[in-house]
Amino acid sequence: MFTPGHVHRELLPDEFNRQKFICDVYYDVREDPKEGQMLHMRMEGEIDGKSFAEECELHRDMAFDFMNTLTQVVVRNGGYPRLGPVLRAHDEFDAMFKDIRDKLGLKPGDPIDLNHLPGL
């Protein structure tokens, strides 16, 4: 279920999903004095009954990659990456992506700073 600033997902094991997965993603835009606008995300929930909670931030120009970041949180906490419990509700995450773009004022073609790419 999507509301601006929050997405709630809950999946029970079935023929497509082998894990019980419950999570809430909260996000907002914060201003860092050195880095500028940052997308702050907090993900909490449980995977197969094991609770987890993590926070992270993405530079404004890397906010388009928020699903990769959330998937990494799920995998670090025992989720199966192939089954995509986060991505299954594509319409909710499309709404989240639009909300993030609106909050950050992102437009197609905005430049990215290659120094913000992971691993550089």
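The figures here come from the full heavy-atom set of this structure, side chains too, leaving out hydrogens, waters and symmetry mates. Everything numeric here is computed off the predicted structure, so don't read it as measured data.
- A salt bridge is absent between D32 and R30: the closest approach of a Lys/Arg side-chain nitrogen to an acidic carboxylate oxygen does not fall below 4.0 angstrom.
- No side-chain donor-acceptor contact under 3.5 Å links R42 to the backbone of V25.
- The main-chain N or O of K107 is found under 3.5 Å from a side-chain atom of D110 such that the two form a donor-acceptor pair.
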Worksheet item: Going through the distances and angles, do M41 and L70 end up as a side-chain contact (heavy atoms from CB on, under 4.5 Å)?
Response: CA-CA 9 Å; M41 296 187 297; L70 294 177; 4.0 Å; yes
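- Under the 4.5 Å side-chain heavy-atom criterion for grouping Ile, Leu, Val, Met, Phe, Trp and Tyr, I22 is not connected to L11 through any hydrophobic cluster.
- Of the inter-residue distances, the one linking L104 atom CG with Q37 atom CD reads 5.0 Å to the nearest 0.5 angstrom.
- Separation of atoms CD (E44) and CD (E54) is listed at 11.5 Å; rounding is to 0.5 Å.
- Note that the CZ atom of F2 and the NZ atom of K98 stand 9.0 Å from one another [nearest 0.5 Å].
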Practice prompt. Please report the C-alpha distance between F52 and V73 in whole Å, then the side-chain angles of each, then the deciding distance to 0.1 Å, and finally whether the side-chain contact (heavy atoms from CB on, under 4.5 Å) criterion is met.
Written response: CA-CA 9 Å; F52 71 95; V73 170; 4.0 Å; yes
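- Hydrophobic clustering (side-chain heavy atoms under 4.5 Å, transitive across Ile, Leu, Val, Met, Phe, Trp, Tyr) keeps I100 apart from M38.
- Taken to the nearest 0.5 Å, the CE atom of M67 stands 11.0 Å off from the CZ atom of F97.
- Using modelled atom types, one side-chain atom of E92 and one backbone atom of M1 make a donor-acceptor pair closer than 3.5 Å.
- Between the side chain of D48 and the main chain of K20, a donor-acceptor pair closer than 3.5 Å is present.
- Formation of a donor-acceptor pair under 3.5 Å by the R60 side chain with backbone atoms of G105 is found in this model.
- The structure places CD of Q72 at 11.5 Å from CE of M43, a figure rounded to the nearest 0.5 Å.
- Looking at E46 and N77, their side chains never bring a donor and an acceptor atom within 3.5 Å of each other.
- Both M62 and M96 are assigned to one and the same hydrophobic cluster, defined by single-linkage of ILVMFWY side chains at heavy-atom distances under 4.5 Å.
- When the ring pair (Phe, Tyr, Trp, His ring centres under 6.0 Å) test is applied to H6, the partners found at least two apart in sequence or on another chain are Y26.
- A donor-acceptor distance shorter than 3.5 angstrom exists from the side chain of Q19 to the backbone of Y80, with no hydrogens or angles considered.
- The distance from atom CG of N68 to atom CG of L58, rounded to the nearest 0.5 Å, is 9.0 Å.
- A side-chain donor-acceptor contact under 3.5 Å links D99 to the backbone of G5.
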